[in-house]
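To start, the structure under review is shown below, and the notes come after it.
Quick note: numbers below take in every heavy atom, side chains included, and nothing from hydrogens, waters or symmetry partners. Below, chains carry the letters A, B, ... as their sequence lines are ordered, and counting in each starts from 1.
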Amino acid sequence: MNRQKRTAIFHRLKTANPAPRTELCFRTPFELLIAVILSAQATDRSVNKATERLFAVADTPGAMWALGEPRLKEYIQTIGLFNTKARNIIECCRILLERHQGLVPNNRHDLEALPGVGRKTANVVLNTAFGQPTLAVDTHILRVANRTGLARGHTPRQVEDKLTRWIPKEYLQDAHHWLILHGRYVCTARKPRCAACVIYDLCEFEDKAAYARN
DNA sequence: AACTCGGGGCA
DNA sequence: TGCCCAGAGTT
């Protein structure tokens with residue numbers, strides 16, 4: 001896919017998603033970190049429902065550490081993988097308190113050293129909390145990039161590298177959300193809504209015609 | 001690169 | 001029920 005076509009795709013996704021932002025609810029870098037850890041393999045709606053009550057009780061590493069793992073589980077038990085996530089979050093809080101003065105680190109190395117934080121979560125925090133030009137490739141972006149032909153490469157890292165290379169830095173932060181929202185509401189995993197897609201004519205998805213008739 | 005982990009939600 | 005969800009960690 002040539003650059004002109006990719007640019008056209010981004011322009012249309014931008015127009016279709018004015019004022020793009022994360023759908024996770026948070027007020028501080030710490031709340032964002034916790035929300036993103038919880039959102040792994042879970043829907044953001046179920047995460048928001050849990051964090052609304054959790055953050056009212058504990059919105060700092062100190063408070064969440066004091067809350068303790070058993071009581072933390074009570075707040076997040078409606079979220080998938082909550083046992084592992086509760087253990088990781090308590091350990092995260094301990095590390096933040098011991099090594100980072102209770103602050104969320106603003107660099108990849110320290111973020112990825114936290115349990116339950118991988119490349120994708122680190123990129124979201126760097127992008128959304130600290131305004132750094134990173135692209136967090138999740139299942140949505142991976143699917144959209146490969147299916148449309150925007151950036152083929154079946155591993156998340158390949159797609160991240162390709163997209164990061166050609167998207168202008170000043171657009172990288174918003175482009176992340178344009179892609180996510182497109183993947184979530186239009187280019188869905190199971191029954192993509194090709195009939196309503198704003199980049200239909202530019203998309204290289206082999207089966208788009210079949211779904212456009214739905 | 002492939003596999004495992006391990007629950008909720010939704011068609 | 002089966003498949004997917006704003007993945008991470010291990011082999």
Side-chain angles (χ1 to χ4, degrees), chain A residues 13 17 19-26 29 31-54 69-70 72-93 95 104-105 108-130 132 134-148 150-161 163-164 172-193 207 211 214:
Chain A
L13 291 180
N17 298 284
R21 65 179 185 280
T22 177
E23 298 195 350
L24 293 172
C25 298
F26 66 96
E31 289 189 356
L32 173 64
L33 175 66
I34 301 304
V36 179
I37 290 175
L38 290 174
S39 70
Q41 297 300 100
T43 63
D44 55 348
R45 275 188 291 268
S46 69
V47 171
N48 287 337
K49 201 164 58 179
T51 55
E52 183 180 5
R53 295 187 305 121
L54 173 62
E69 190 174 323
L72 173 58
K73 283 185 184 177
E74 294 174 14
Y75 285 95
I76 66 174
Q77 65 189 182
T78 58
I79 300 174
L81 312 181
F82 71 92
N83 283 304
T84 306
K85 289 171 181 175
R87 191 185 339 119
N88 286 340
I89 286 172
I90 294 298
E91 177 66 6
C92 274
C93 292
I95 295 175
V104 177
R108 176 182 308 286
H109 178 268
D110 289 338
L111 282 170
E112 291 189 5
L114 299 171
V117 178
R119 187 173 183 90
K120 185 265 173 182
T121 299
N123 277 350
V124 172
V125 173
L126 290 172
N127 175 324
T128 306
F130 299 116
Q132 294 185 26
T134 63
L135 187 73
V137 175
D138 62 2
T139 57
H140 286 321
I141 293 186
L142 189 65
R143 181 178 64 251
V144 170
N146 280 309
R147 186 184 278 174
T148 60
L150 195 57
R152 292 199 198 280
H154 62 288
T155 71
R157 186 56 192 272
Q158 280 178 297
V159 169
E160 179 186 328
D161 290 342
L163 289 178
T164 305
L172 208 44
Q173 198 172 358
D174 286 340
H176 170 78
H177 298 298
W178 301 336
L179 289 166
I180 290 267
L181 295 175
H182 184 67
R184 173 159 189 196
Y185 296 112
V186 182
C187 197
T188 53
R190 253 176 291 192
K191 286 173 56 184
R193 300 167 56 200
D207 297 333
Y211 288 104
N214 290 345

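With contacts defined as side-chain heavy-atom distances shorter than 4.5 Å, the pair A:P192/A:D207 does not qualify.
Of all heavy-atom pairs spanning A:T188 and A:R193, the tightest one is OG1-N, 4.4 Å. A:N146 and A:V159 get closest at one heavy-atom pair: ND2-CG2, 4.2 Å.
Residue A:N83 places none of its side-chain N or O atoms closer than 4.0 Å to OP1 or OP2 of B:dG6. Of the side-chain N and O atoms in A:R143, none sit less than 4.0 angstrom from OP1 or OP2 of C:dC4. OP1 or OP2 of C:dA8 sits under 4.0 Å from a side-chain N or O of A:T121.
Mapped onto DNA chain C by nearest heavy atom, A:N88 and A:R184 fall at different nucleotides, with A:R184 at the one closer to the 5' end. Across the interface with DNA chain C, nearest-nucleotide mapping of A:G116 and A:L181 shows A:L181 to be the residue nearer the 5′ end. With the nearest nucleotide of DNA chain B identified for both A:F82 and A:Q158, A:Q158 has the one nearer the 5' end. Comparing A:R45 and A:Q41 by the nucleotide of DNA chain B whose heavy atom lies nearest to each, the residue mapping closer to the 5' end is A:Q41.
For A:K49, taking side-chain heavy atoms from C-beta onward, the closest of the listed nucleotides C:dC5, B:dG9, C:dA6 is B:dG9. Distance from the side chain of A:T43 is smallest for C:dA6 among the nucleotides C:dC4, C:dG7, C:dA6. Side-chain atoms of A:R190 lie closest to C:dC4 of the nucleotides B:dA1, C:dA6, C:dC4. Listed nucleotides C:dG7, C:dC5, C:dA6 differ in distance to A:A189; the shortest reach to its side chain belongs to C:dC5. Side-chain atoms of A:D44 lie closest to C:dA6 of the nucleotides C:dG2, C:dG7, C:dA6.
Residue contacts shown for A:P115 are limited to sugar-phosphate atoms, with no base heavy atom under 4.0 Å away.
One C1' atom belongs to B:dG6, the other to C:dG2, and the distance between them is 15 Å to the nearest Å. Nucleotides C:dA6 and B:dC3 place their C1' atoms 22 Å apart, quoted to the nearest Å.
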